[in-house]
Amino acid sequence: MTQTSDDVTWLTQEAYTKLKDELEYLSGPARAEITVKIAAAREEGDLRENGGYHAAKEEQGKQELRIRQLTQLLEKAKVGEAPAADGVVAPGMVVTIAFDGDEDDTLEFLLASREYASADIETYSPQSPLGSGVNGKRVGEDGQYELPNGKLASVKILKAEPYQG
């Protein structure tokens, strides 16, 4: 299967290492811990009315989902440097846009996968409607994206700088 640039998630070495460490923990020690919790809860008796058992099984399901997500992400990940400060919107950039050309109605966000999301700045995926509408555009250009109601919205790219966080 050939990967397109949309299939690839660019990560810094630090982010890649952090996600790989999380995957190793979830696949090893955390999996063993949840197995022990389930076994202990199972020994308590009737599973239909055993809240601890059901909670542990739910936790196991969430953990297995995260393992699959991390595995898929890391399979497609490319480790590289932050994008160049050339004014072109790309993943890893902090982008400032103006809605409908109104420079008083602006939004600043990080264009990146959710693994980069932080409390410091709103994050939009390159695959999101807004992200795909601005990705590849230059400062000064207009981009369009589809609203939930099906209408198109226009934005003007005011700034695009590499994320320093």
Side-chain angles (χ1 to χ4, degrees), residues 1-97 107-137 143 145-146 148 157 159-165:
M1 185 170 150
T2 308
Q3 287 185 340
T4 65
S5 61
D6 288 344
D7 293 335
V8 174
T9 299
W10 288 94
L11 298 172
T12 62
Q13 184 62 55
E14 179 184 351
Y16 181 85
T17 301
K18 179 180 161 207
L19 294 173
K20 191 156 180 59
D21 289 347
E22 180 184 356
L23 177 61
E24 287 173 10
Y25 170 73
L26 291 174
S27 299
R31 223 179 222 161
E33 289 169 17
I34 196 70
T35 302
V36 169
K37 278 186 189 177
I38 290 170
R42 185 177 282 134
E43 290 176 8
E44 292 174 11
D46 187 358
L47 297 182
R48 291 175 296 184
E49 297 179 17
N50 187 330
Y53 174 79
H54 293 291
K57 288 296 281 184
E58 185 175 325
E59 183 181 340
Q60 181 186 41
K62 289 177 182 177
Q63 184 174 305
E64 292 301 319
L65 175 62
R66 182 66 177 155
I67 289 170
R68 285 193 302 277
Q69 289 171 333
L70 287 170
T71 300
Q72 290 174 349
L73 176 71
L74 292 172
E75 283 174 355
K76 296 178 180 180
K78 299 283 185 203
V79 178
E81 295 301 312
D86 57 4
V88 177
V89 177
M93 303 287 277
V94 174
V95 182
T96 305
I97 58 170
L107 172 68
E108 181 180 82
F109 62 93
L110 172 62
L111 185 66
S113 67
R114 70 185 181 101
E115 275 62 31
Y116 274 104
S118 75
D120 300 337
I121 187 167
E122 198 163 347
T123 303
Y124 286 87
S125 161
Q127 292 78 27
S128 70
L130 177 58
S132 62
V134 300
N135 197 7
K137 301 286 184 195
Y145 67 100
E146 190 173 333
I157 313 301
K159 198 169 15 170
E161 300 173 338
Y163 179 58
Q164 302 297 319

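All of these numbers come straight from a predicted model, not from anything done at the bench.
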How close do [X] and [Y] get, counting heavy atoms only, and between which atoms?
X: A112; Y: T123; result: O-CG2, 3.5 Å
X: A90; Y: N135; result: CA-OD1, 3.5 Å
X: E24; Y: P29; result: O-CD, 3.8 Å

Drop me the distance from [X]'s [atom1] to [Y]'s [atom2], to the nearest 0.5 angstrom.
X: I157; Y: K137; atom1: CD1; atom2: NZ; result: 8.0 Å
X: S27; Y: E64; atom1: OG; atom2: CD; result: 7.5 Å
X: Q127; Y: L111; atom1: CD; atom2: CG; result: 8.5 Å
X: I97; Y: E108; atom1: CD1; atom2: CD; result: 10.5 Å
X: K20; Y: T71; atom1: NZ; atom2: OG1; result: 9.0 Å

Listed partners of Y124 passing ring pair (Phe, Tyr, Trp, His ring centres under 6.0 Å), at least two apart: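 Listed in chain order: F109.
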Which donor-acceptor pairs under 3.5 Å do side chains of residues 33-42 form with protein atoms, sequence neighbours excluded?
from	atom 1	to	atom 2	distance (Å)
E33	OE1	Y25	OH	3.4
T35	OG1	R31	O	2.8
K37	NZ	E59	OE1	3.3
K37	NZ	E59	OE2	3.4

From CA spacing to verdict: side chain to side chain contact (heavy atoms under 4.5 Å, CB included), L107, T96: CA-CA 6 Å; L107 172 68; T96 305; over 6 Å; no
All side chain to side chain donor-acceptor pair (under 3.5 Å) counterparts of K57, not counting sequence neighbours: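 Side chain to side chain donor-acceptor pair (under 3.5 Å) check on K57 returns Q60.
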Exam field: side chain S132 to backbone P129, donor-acceptor pair closer than 3.5 Å: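 Side chain of S132 to backbone of P129, a donor-acceptor pair under 3.5 Å: yes, one is there.
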Those residues that, when tested against E22, pass salt bridge (Lys or Arg N to Asp or Glu O under 4.0 Å) (two or more places apart):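 Checked E22 against salt bridge (Lys or Arg N to Asp or Glu O under 4.0 Å); matches are R66.
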Residues which pass salt bridge (Lys or Arg N to Asp or Glu O under 4.0 Å) with E58, listed by chain and number, not counting sequence neighbours: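 Counting only residues at least two positions away or on another chain, E58 forms a salt bridge (Lys or Arg N to Asp or Glu O under 4.0 Å) with K62.
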